[in-house]
Amino acid sequence: MKLNELLKLRQVGGEYMIINPYSEETDMTQVISLNETAAWLWQQVEGREFTAEDLVGLVCGEYEVDRATAESDIRELCSEWLHKGLAVEEKR
């Protein structure tokens, strides 16, 4: 998996948002908010390929969370990122 390279993470105040700075239209319905943990993960994998397992390892290394909970949460996060076009599956 790889993050959509057209999208950028921006912090405005205490909020993290994913935007497309290359879009000619300003469509606020296209702005996607991330929580602090998701934004941190985005920063960790930006510009490189990663797997859900990589994200689980990052979360378990940074936060006090059991592996089963991290795996469940990361599966949901990856599904959401793929569905919303924030990430793409790498073709091998």
Side-chain angles (χ1 to χ4, degrees):
M1 187 175 333
K2 193 167 187 172
L3 297 176
N4 181 333
E5 294 178 358
L6 294 177
L7 303 176
K8 301 297 176 198
L9 175 67
R10 297 286 186 256
Q11 184 177 6
V12 178
E15 301 291 320
Y16 294 95
M17 294 178 268
I18 300 297
I19 63 166
N20 182 347
Y22 306 106
S23 176
E24 292 181 14
E25 296 178 18
T26 303
D27 182 358
M28 295 307 285
T29 63
Q30 297 294 330
V31 174
I32 299 167
S33 296
L34 297 182
N35 66 28
E36 190 173 329
T37 303
W40 178 80
L41 283 169
W42 183 282
Q43 293 167 330
Q44 302 309 302
V45 298
E46 195 166 23
R48 66 181 181 95
E49 291 183 38
F50 62 93
T51 64
E53 188 62 31
D54 294 332
L55 298 181
V56 169
L58 287 166
V59 167
C60 287
E62 184 70 14
Y63 299 96
E64 291 183 24
V65 61
D66 66 273
R67 190 158 193 88
T69 299
E71 287 172 347
S72 174
D73 291 349
I74 292 300
R75 271 194 308 273
E76 186 177 324
L77 179 72
C78 288
S79 176
E80 182 178 345
W81 282 6
L82 289 167
H83 177 74
K84 291 182 177 179
L86 303 180
V88 295
E89 293 280 359
E90 288 293 297
K91 294 188 175 40
R92 301 197 182 242

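For the pair I74 and A52, the tightest heavy-atom approach, listed with the atom from each and the gap, is CG2-O, 3.5 Å. Scanning all heavy atoms of the two residues, the minimum distance from Q43 to L9 falls at CG-CD2, 3.6 Å.
A distance of 10.5 Å separates CD of E89 from CD of E49, quoted to the nearest 0.5 Å. Going from atom CE of M1 over to atom OG1 of T51 covers 7.5 Å, rounded to the nearest 0.5 Å. Atom CG of L41 and atom CG of N35 lie 8.5 Å apart (nearest 0.5 Å).
Within the structure, no pair that satisfies the side-chain hydrogen bond (donor to acceptor under 3.5 Å, both in side chains) test touches residues 6-18, not counting sequence neighbours. Sorted by first and then second residue, the pairs that involve residues 52-74 and meet ring-ring contact (aromatic ring centres under 6.0 Å, His included), not counting sequence neighbours, are W40-Y63.
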Under 3.5 Å, sequence neighbours excluded: what are the donor-acceptor pairs made by side chains of residues 75-87?
| unit_1 | atom_1 | unit_2 | atom_2 | d |
| --- | --- | --- | --- | --- |
| E80 | OE2 | K84 | NZ | 3.0 |

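A search for side-chain contact (heavy atoms from CB on, under 4.5 Å) contacts involving T69 returns V65, D66, D73, not counting sequence neighbours. Under the salt bridge (Lys or Arg N to Asp or Glu O under 4.0 Å) criterion, K2 pairs with E5, sequence neighbours left out. Judged as a side-chain contact (heavy atoms from CB on, under 4.5 Å), and not counting sequence neighbours, the contacts of N4 are L6, L7. Every residue two or more places apart in sequence or in another chain was checked for a salt bridge (Lys or Arg N to Asp or Glu O under 4.0 Å) with E64, and none qualifies.
Atom CD of Q44 has more than 12 heavy atoms from other residues, nucleotides or ligands within 6.0 Å.
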(request) Might you work through the side-chain contact (heavy atoms from CB on, under 4.5 Å) test for F50 and L58, ending with a clear yes or no? (result) CA-CA 11 Å; F50 62 93; L58 287 166; over 6 Å; no

